[in-house]
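Here's the structure, in structure tokens; my notes come after.
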Amino acid sequence: MKLSLEQTAFAALAFTAAGAMAQDLVVKIGTVGPTSGAIAHLGKDNENGARLAIEDLNAKHVKIGGKTVKWVLLAEDDAGDPKQGTAAAQKLVDEKVNGVVGHLNSGTTIPASKIYFDAGIPQISPSATNPKYTRQGYKTAFRVVADDTQLGGTLGRYAATELHAKRIAVIDDRTAYGQGVADEFEKGAKAAGATIVGREFTNDKATDFTAILTSLKAKKPEVIFFGGMDAVAGPMLRQMKGLGLNAKFVGGDGICSNELPKLAAGTIADNQVYCAEAGGIDPKDTAAVKEMADFRARFQQKFGVPVQIYAPYVYDAVNLLANAMEKAGSAEPAKYLPVLAATSGYHGVTGTISFDEKGDIKNGALTLNTYRGGKKVMLDVIR
């Protein structure tokens, strides 16, 4: 049968399109966090940071090894549970992802890291701060935020020297993150001359802290440090108010969310709560401040909610994986992993990123915050 001119042209176009599609390289990026449970707002924040990065990468038509990349995000929920975290990690390995950004919590990130290491898949954590994560000898593990040694120790010194607290109580939720950051806080506070008048613990699903707080109230602490997440800190703050316990409340990045005032049901007094995020941009760097502000505005416009804490770090982590693949000319983990490890001076929305020999960010920043009028307010960025 003889084809018309139009049919011939259409067939040629179809053949060309099929050829172009065959040239596409599908690259799968996995992301894991608690998108169900008490801290689902933090897990969703991280996932949305990854979604925005994937969308931007696809819009750029990135080429790797001469092929246009189709970026695909595989998002898993670990509910902040170590067992579910390792199951999610194994699922991503079975899906043959090219790289992973996650998990959110240290308690899920650390056990999952062995699964990625065994499979040779690079993993960048945007928010897990327990030092152990990058000290296991796993060459696949990277982190784009400061760790608890910096974060907890800095908060301990801050409580003693800037808040002038002599008597400090410490509570932790017995997770890898909560206990780790509390231990570092205690060391920092003691080194700066404060006395720890009580050390208590709870768990990451608790809601009643009356016995702990009543015991601590008798010891007259000027500061209570809590190592844990905002979903537990909120009710704890409400119960402190109910007991007339007027101590300052200090915590790490786990409580340092925009959601905390809501979780505390409006009981936070101005300058009562102090917390630190493991990251930050020097306010004197006006170009970087504007870039972050633009990212936050774009994020809110797309998802209808403000950034909670670590979405910008997830965004940068996804782009770091893509950048290493592009430089290596390959999305195969074994080929781009050495390029990722050698990352130096990468410019992201969270600032400049370089990795040390352990896979930790060099010269990581910390952002100190308080709350006023129900809003988080930045106090300072320190390194």
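Along the sequence shown, residues carry numbers from 1. Reckoned from all heavy atoms, side chains included, excluding hydrogens, waters and symmetry mates.
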V250, L366: one ILVMFWY side-chain cluster at the under-4.5 Å cut-off? yes
If you count the non-hydrogen atoms of other residues, nucleotides and ligands that lie under 6.0 Å from NZ in K241, is the total more than 12? no
Are K83 and D81 ion-paired here, with the side-chain N under 4.0 Å from a carboxylate O? no
pair L340-L321: side-chain heavy atoms closer than 4.5 Å: yes
Heavy-atom pair with the smallest gap, counting every atom of D78 and P34: OD1-N, 3.2 Å
If you draw a 6.0 Å radius around CZ in F201, do more than 12 non-hydrogen atoms from other residues or ligands fall strictly inside? no
Is the ring pair Y274/Y158 parallel, tilted or perpendicular, if the boundaries are 30 and 60 degrees? tilted
Once rounded to the nearest 0.5 Å, what's the spacing between atom CD of E200 and atom CZ of F226? 12.5 Å
Are any of the side-chain heavy atoms of T134 and D147 separated by less than 4.5 Å? no
How far does CD of E162 sit from CG of L368, to the nearest 0.5 angstrom? 9.0 Å
Do E222 side-chain atoms and K166 backbone N/O form a donor-acceptor pair below 3.5 Å? yes
Judged by modelled atom types alone, do D183 and Q179 share a side-chain donor-acceptor pair under 3.5 Å? no
State plainly whether the residues E95 and K91 are in salt-bridge range, i.e. N to O under 4.0 Å. no
Please tell me if the side chains of I54 and V72 come closer than 4.5 Å, counting only heavy atoms from C-beta onward. no
Please tell me if the side chains of I121 and V97 come closer than 4.5 Å, counting only heavy atoms from C-beta onward. yes
I'd like to know if the side chain of T35 pairs up with that of E47 as donor and acceptor (distance under 3.5 Å, no hydrogens or angles considered). no
Does the side chain of T175 come under 3.5 Å of the side chain of D204 through a donor N or O and an acceptor N or O? no
Can a salt bridge be assigned to the pair E277 and K376 using a cut-off of 4.0 Å between side-chain N and carboxylate O? yes
Looking at D356, I want to see if its CG is surrounded by more than 12 non-hydrogen atoms of other residues, nucleotides or ligands under 6.0 Å. yes
Euclidean distance, L104 CG relative to M229 CE, rounded to 0.5 Å: 5.5 Å
By the definition side-chain contact (heavy atoms from CB on, under 4.5 Å), identify the one residue from L237, T370, T267, N246 that meets it with Q272. L237
side-chain contact (heavy atoms from CB on, under 4.5 Å) partner of V314, chosen from D45, L52, N48, V101: V101
Heavy-atom side-chain proximity of T350 to V144 below 4.5 angstrom: no
Are L57 and V27 close enough that some pair of their side-chain heavy atoms sits under 4.5 Å apart? no
When the ring planes of F355 and F142 are compared, do they come out parallel, tilted or perpendicular, using 30° and 60° as the limits? tilted
Start with the C-alpha gap between R174 and N203, add the side-chain angles, then the distance that decides, and say whether side chain to side chain contact (heavy atoms under 4.5 Å, CB included) holds. CA-CA 6 Å; R174 290 290 130 157; N203 66 71; 5.8 Å; no
Kindly indicate, with the supporting measurements, whether the criterion side chain to side chain contact (heavy atoms under 4.5 Å, CB included) is fulfilled by Q308 and N46. CA-CA 9 Å; Q308 286 293 335; N46 277 20; over 6 Å; no
Would you say the side-chain atoms of D253 and Y310 include a donor-acceptor pair closer than 3.5 Å? yes
Could you pull out the closest heavy-atom pair between A365 and A146, with the gap in Å? O-CB, 3.9 Å
Does the N130 side chain pair with the main chain of Y133, one donor and one acceptor, at a distance under 3.5 Å? no
Using only heavy-atom distances, determine whether the side chains of Y315 and D56 contain a donor-acceptor pair under 3.5 Å. yes
In this structure, are over 12 heavy atoms from other groups packed under 6.0 Å from K219 atom NZ? yes
Check the pair T86 / K114 against side chain to side chain contact (heavy atoms under 4.5 Å, CB included), numbers first and verdict last. CA-CA 9 Å; T86 52; K114 184 178 190 308; over 6 Å; no
Side chain to side chain contact (heavy atoms under 4.5 Å, CB included) for F303 and R51? Distances and angles first, verdict last. CA-CA 10 Å; F303 300 110; R51 292 199 180 283; 4.2 Å; yes
Do T352 and K362 come close enough that some side-chain heavy atom pair is under 4.5 Å? no
State the CG-NZ distance between L42 and K44, to the nearest 0.5 angstrom. 13.0 Å
What about M378 and I309, same hydrophobic cluster or not, with Ile/Leu/Val/Met/Phe/Trp/Tyr joined at side-chain heavy-atom distances under 4.5 Å? no
Atom CG of D230 and atom CG of L260: how far apart are they, to the nearest 0.5 Å? 6.0 Å
Just how far is it from atom OG1 of T202 to atom CD1 of I171, taken to the nearest 0.5 Å? 8.0 Å
I'd like to know if the side chain of T140 reaches the main chain of Q123, judged simply by a donor and an acceptor atom lying under 3.5 Å from each other, with no hydrogens or angles considered. no
Do D360 and R143 sit within salt-bridge range, that is, some charged N less than 4.0 Å from a carboxylate O? yes
K217 side chain to L243 backbone, donor-acceptor under 3.5 Å: yes
Is any side-chain heavy atom of D118 closer than 4.5 Å to one of V93? no
